[in-house]
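So the structure is just underneath, and the comments pick up after that.
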Protein chains: 2
Amino acid sequence: MPYPAKTNSEEILQVALELLEQDASSLSMRNLAERLDIKAPSLYKYFADKEALELALVEEGALALYRTLEKAAQTLKTREAFFAFARAYIEFARERPELYTLLMTKLTPATQDSSGKMLWNFVLKLISKITRKPDDTAAAVAFWSFLHGYGVLERSGMFGESGPKGGLEVGLEAFLKGLPKSR
Amino acid sequence: MPYPAKTNSEEILQVALELLEQDASSLSMRNLAERLDIKAPSLYKYFADKEALELALVEEGALALYRTLEKAAQTLKTREAFFAFARAYIEFARERPELYTLLMTKLTPATQDSSGKMLWNFVLKLISKITRKPDDTAAAVAFWSFLHGYGVLERSGMFGESGPKGGLEVGLEAFLKGLPKSR
DNA sequence: GTCTATAAATAGATAGAC
DNA sequence: GTCTATCTATTTATAGAC
């Protein structure tokens with residue numbers, strides 16, 4: 001065989017993920033190929049275009065986030081699960097900011113593969129336990145909005161050197177106390 | 001005069017704003033120059049580089065948002081001002097999404113010119129009236145996080161065809177009821 | 001499946017004449 | 001202040017040989 005396979009889809013995704021997390025702008029087909037020790041055109045045998053590769057990364061990211069959240073909240077009682085979930089969510093956004101950004105930029109219901117749906121269902125169930133309403137979409141939307149906004153603004157440096165000064169905790173407590181509950 | 005001035009900084013900013021709001025990716029120096037009926041290099045007599053131009057746009061955007069919010073909330077009592085503010089904020093993000101995105105991407109305390117500070121102070125005062133704590137930074141951070149997150153996710157299409165289903169209202173009520181208040 | 005060569009497009013920015 | 005000409009750098013993607 002004159003040209004035996006030098007890589008495979010999984011490895012490509014793995015290295016792409018490393019590049020992305022290092023610096024989103026470094027994820028180019030050229031750059032990726034170089035890291036894999038192949039030439040850029042070869043990548044197109046594995047992924048139709050860059051978009052396809054990014055969607056695969058989003059799927060991976062959604063799964064990673066889901067697992068992180070599940071691990072953090074499982075076995076805990078509702079109230080503790082709520083805080084653990086939120087903490088883990090923000091931590092994920094902090095530690096893997098480029099992956100998180102790609103994820104939230106490309107994860108729409110249309111894009112939503114299994115991981116995206118699992119993620120949404122997990123938030124929905126957790127929050128519904130808090131409000132004691134099955135499938136409390138409105139509360140889940142509100143809660144996710146808060147977490148996402150906080151994660152984004154914290155990273156943007158909007159809150160300055162002094163930091164967000166307890167904004168996360170205050171917001172979480174407000175939701176816990178203020179969300180309308182059945183019964 | 002062989003080469004009389006064909007434009008000025010204000011006009012450049014005006015047209016740049018139009019381009020941006022039409023489509024963020026259409027805001028290139030070339031494109032901008034064409035719309036102004038000059039050649040691209042001439043722009044560098046007015047702005048040192050693209051970054052400088054964008055910062056000027058951020059300043060404009062922050063001022064526009066501030067005016068919108070102030071107009072919406074002024075003369076109203078605390079509770080009504082709170083809802084009017086939130087509604088106006090989300091409406092701004094909806095109607096001028098590209099400007100809003102640039103704004104929130106580049107508006108950090110380091111960047112913060114007068115408009116940015118006015119914006120933050122306005123949020124801070126409003127929310128401090130709700131919680132009855134002077135300079136309640138934590139509550140302001142939480143509130144702004146929620147609004148920003150909601151605006152972003154709504155635009156991203158994350159909530160799907162069915163829409164956010166009352167998530168905004170539920171979140172606002174939760175804050176109003178759940179934020180810790182003095183006295 | 002890998003390669004070389006190249007297309008095709010884009011961008012920001014500078015030099016120097018007028 | 002405006003212009004022409006150009007530099008420099010980047011990207012995604014395809015054609016076709018091996």
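Each chain gets a letter, A, B and so on, in the order its sequence line appears, and its residues count up from 1. We use all heavy atoms of the structure for the numbers below, so side chains are in, but hydrogens, waters and symmetry mates are not.
Between B/Asp37 atom CG and D/dT2 atom C1' the separation is 12 Å, expressed in whole Å. One can place CD of B/Glu34 at 14 Å from P of C/dG12, the figure rounded to the nearest angstrom. Atom-to-atom, CG of A/Leu36 to P of C/dG1 comes out at 14 Å; the value is rounded to the nearest Å. Rounded to whole Å, the distance from CE on A/Met29 to P on C/dA9 is 20 Å. In this structure, A/Lys39 atom NZ and C/dG1 atom P are separated by 19 Å, rounded to whole Å.
A/Ser128 and A/Asp136 share no donor-acceptor pair across their side chains, judged by distance under 3.5 Å alone. When only modelled atom types and interatomic distance are considered, B/Ser26 and B/Asn31 share no side-chain donor-acceptor pair under 3.5 Å.
Within residues 41-53 of chain B, the residues having any heavy atom under 4.0 Å from DNA chain D are, by residue number, B/Pro41, B/Ser42, B/Lys45, B/Tyr46.
Between A/Phe122 and A/Phe85, the ring planes are tilted. Angles from 30° to 60° get that label.
Checked against B/Tyr89 for a ring-ring contact (aromatic ring centres under 6.0 Å, His included), the options B/Tyr66, B/Tyr100, B/Tyr150 give a single hit: B/Tyr100.
Placement of B/Val15 and B/Met29 within a single hydrophobic cluster is found when ILVMFWY residues are connected by side-chain heavy-atom separations under 4.5 Å, directly or transitively.
For A/Ala81 against A/Leu76, the heavy-atom pair with the smallest separation is N-CB, 3.8 Å.
Taking only side-chain nitrogens and oxygens, B/Lys6 comes nearer than 4.0 Å to OP1 or OP2 of D/dC3.
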